[in-house]
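Have a look at the structure below before the remarks.
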Amino acid sequence: VISQAAEELQLESYVIGGFVRDFILQRGNAKDIDIVAVGSGIDLALKVSELLPHKPKVQVFKNYGTAMLRAFDLEVEFVGARKESYSEDSRNPVVENGTLEDDQNRRDFTINALALSLNKSNFGDLLDPFNGLEDLKTQLLRTPLEPGITYSDDPLRMLRAIRFASQLNFVIQKKSLDAIKENYKRIKIISNERITEELHKILLSERPSKGFALLHKTKLLKIILPELTALEGIDEIEGQRHKDNFWHTLEVVDNISENSDNLWLRWAALLHDIGKAPTKKFHKKIGWTFHGHEFVGSKMVYKLFKRLRMPLNEKMKFVQKMVLMSSRPIAVVDDDVTDSAVRRLIFDAGENIDDLMTLCEADITTKNPRRCKKYHN
Ligand code: CTP
């Protein structure tokens, strides 16, 4: 239908971006599809709607020159091919109409610049000026332009690079990673909502530690989640050391991710020890302690969710509860506490008991696998 509509309007049209990438990678069911028209994307969307039997409503975003309609469970977004140029002091690019190639040039990664033709003359042809297909095969993230330009133009792309590396298990090209290390401070101009969207996607990937280790390596994490980087390092006093709670946290997150797809449980795993940095103390007799870290941590969750513009609702309360309780079953194991203590724990956890146990198991397994076994028995 899009092809027919474009022909009637005498425009060129292409499928571009994530849909093409995921189609080639045979990744899951697409929810949205981006169409680029060499001409007006809005006119194309209106024509497509006219040709579809159910005449879907077209949402027009005049300021952006884009339009969107829903068809066959897909959100179809239409945009006119554009050429973008950025200036140092503005976040918003100067936008002009352009060719397909101009449009591919302005995209973030070669694997996201692939276009499939919907034109009669070459229907189904893949237009791949930057060899993105090869990058899909070799699992490489590379920018079409010099990486310093791509990242500086839109700093969110630094996070997107890390998100795709984590989500698709790709490698970021060395000069691209170096450019992120140089430009990381520019992430400050990006809104917290957009940052959070990427964090959710990193957390939902198969092995989130890959993304968080990259965020750490590029110093982005210190800007985005300083509560986490504060957990890094091992102190030693009088020969007594504590574990590195940052790397331990990443292990717990991976462990949880093997057992649960629940985004909020994964957040809880990521934040379960954040109260440990502000509560850390050394006592001559007992060594390192983190007394009260659960309470401090659950309060920190509120501030962190607020800052990241995450919902301050039941989901947040769930994360707080998990952080508050995550070390209690460990106490049960450690002290071999009586049945009544276990009953109390189950009562307090309420309907979240299974999630709490999954989290505790992940936590204990990364500390001492044998203890976990004993607990399970
Ligand atoms: N894009 C870009 N720079 C950005 C965001 C998006 O160049 N900061 C381009 C890319 O070509 C991308 C397309 O716009 O493929 C669509 O963006 P989006 O829908 O946000 O991401 P997808 O690549 O489709 O991936 P996903 O759906 O997994 O988020």
Side-chain angles (χ1 to χ4, degrees), residues 13-37 41 59 61 64-70 73-86 91-93 95 98 100-116 126-133 135-136 141-170 172 176 179-180 183 186-187 189-206 208 211 220 263:
S13 68
Y14 303 86
V15 186
I16 198 160
F19 182 89
V20 183
R21 176 197 72 222
D22 289 347
F23 178 73
I24 295 170
L25 289 175
Q26 300 183 307
R27 264 183 99 233
N29 292 340
K31 287 197 204 90
D32 46 38
I33 174 164
D34 292 308
I35 306 293
V36 64
Q59 259 181 293
F61 306 95
Y64 296 100
T66 65
M68 196 271 282
L69 59 81
R70 280 175 220 278
D73 278 341
L74 277 174
E75 269 188 13
V76 192
E77 181 139 344
F78 296 82
V79 59
R82 56 170 85 160
K83 194 175 177 172
E84 285 181 356
S85 48
Y86 290 76
R91 247 185 285 177
N92 301 323
V95 179
L100 173 70
E101 281 212 7
D102 290 331
D103 201 87
Q104 287 173 302
N105 259 312
R106 74 170 177 92
R107 305 231 162 216
D108 52 2
F109 303 107
T110 60
I111 61 165
N112 287 343
L114 294 163
L116 276 177
L126 185 69
L127 295 124
D128 178 16
F130 312 111
N131 230 350
L133 189 59
D135 292 338
L136 276 183
L141 283 158
R142 209 162 49 86
T143 56
L145 305 175
E146 272 306 304
I149 298 175
T150 301
Y151 294 131
S152 172
D153 281 355
D154 178 359
L156 182 72
R157 290 167 168 174
M158 299 189 283
L159 272 192
R160 282 173 61 90
I162 291 172
R163 183 258 283 198
F164 285 121
S166 195
Q167 220 177 21
L168 306 175
N169 200 17
F170 274 36
I172 301 173
S176 207
I180 298 178
N183 287 284
R186 282 185 60 79
I187 199 67
I189 67 169
I190 299 295
S191 75
N192 282 322
E193 284 90 343
R194 296 178 80 200
I195 290 174
T196 302
E197 280 303 308
E198 298 303 319
L199 290 178
H200 286 331
K201 288 181 181 170
I202 293 174
L203 265 180
L204 284 173
S205 56
E206 206 174 303
L220 284 163
L263 172 65

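Every number for a ligand or one of its atoms is a count from 1 in the order of the listing. Only this structure's heavy atoms are used, side chains among them; waters, hydrogens and symmetry mates stay out.
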Exercise. Write out the residue and atom name of the closest protein heavy atom to atom 17 (O) of ligand 1, then the distance separating them to 0.1 Å.
Key: Arg160 NH2, 3.9 Å
Quiz prompt | Nearest candidate to atom 26 (P) of ligand 1, where distance is taken over non-hydrogen atoms, out of Arg194, Glu77, Arg163, Glu197 | solution = Arg163
Practice problem: Measure from atom 11 (O) of ligand 1 to every heavy atom in Val36, Asn112, Val20 and give the option owning the shortest one. | Solution: Asn112
Quiz prompt | Best match, Asp22, Leu159, Asp154: closest heavy atom to atom 8 (N) of ligand 1 | solution = Asp154
Exercise. Could you tell me whether the side chains of Arg21 and Asn112 share a donor-acceptor contact shorter than 3.5 Å?
Key: yes
Self-check item: Arg157: numbered ligand 1 atoms lying under 4.0 Å from its heavy atoms
Solution: 2 (C), 3 (N), 4 (C), 7 (O), 8 (N)
Quiz prompt | Contact partition for Lys31 relative to ligand 1, non-hydrogen atoms under 4.0 Å | solution = neither
Exercise. Check whether any side-chain heavy atom of Arg107 lies under 4.5 Å from a side-chain heavy atom of Phe130, and answer yes or no.
Key: no
Quiz item: Can Gln104 and Leu100 be said to form a side chain to side chain contact (heavy atoms under 4.5 Å, CB included), step by step?
Solution: CA-CA 6 Å; Gln104 287 173 302; Leu100 173 70; 3.6 Å; yes
Quiz item: In ligand 1, which numbered atoms sit nearer than 4.0 Å to a non-hydrogen atom of Lys201?
Solution: 29 (O)
Quiz item: For atom 9 (C) of ligand 1, what's the nearest protein heavy atom and its distance?
Solution: Arg107 NH1, 3.6 Å
Quiz item: Should the ring pair Tyr151 and Phe109 be called parallel, tilted or perpendicular, given that the plane angle runs from 0 to 90° and is split at 30 and 60?
Solution: tilted
Exercise. Consider every N or O of Asp32 and every N or O of ligand 1, then say whether any pair is closer than 3.5 Å.
Key: no
Practice problem: Locate the shortest heavy-atom distance separating Leu168 from Ile111; write the atom from each residue and the value. | Solution: CD1-CD1, 4.0 Å
Practice problem: Grab the two heavy atoms, one from Arg163 and one from Ile202, that are nearest each other, plus how far apart they are. | Solution: CA-CG1, 3.7 Å
Quiz item: With atoms numbered from 1 as shown, which atoms in ligand 1 lie under 4.0 angstrom from a non-hydrogen atom of Gly17?
Solution: 15 (O)
Quiz item: Judged by atom type as modelled, is there a donor-acceptor pair below 3.5 Å linking the side chain of Thr196 to the main-chain atoms of Asn192?
Solution: yes
Quiz item: So which heavy atom on Ala179 is nearest to which on Gly148, and how close?
Solution: CB-N, 3.9 Å
Quiz item: So, is Asp34 polar-close to ligand 1, with some N/O to N/O distance under 3.5 Å?
Solution: no
Quiz item: Under 3.5 Å, N or O to N or O, is Gly18 touching ligand 1 that way?
Solution: yes
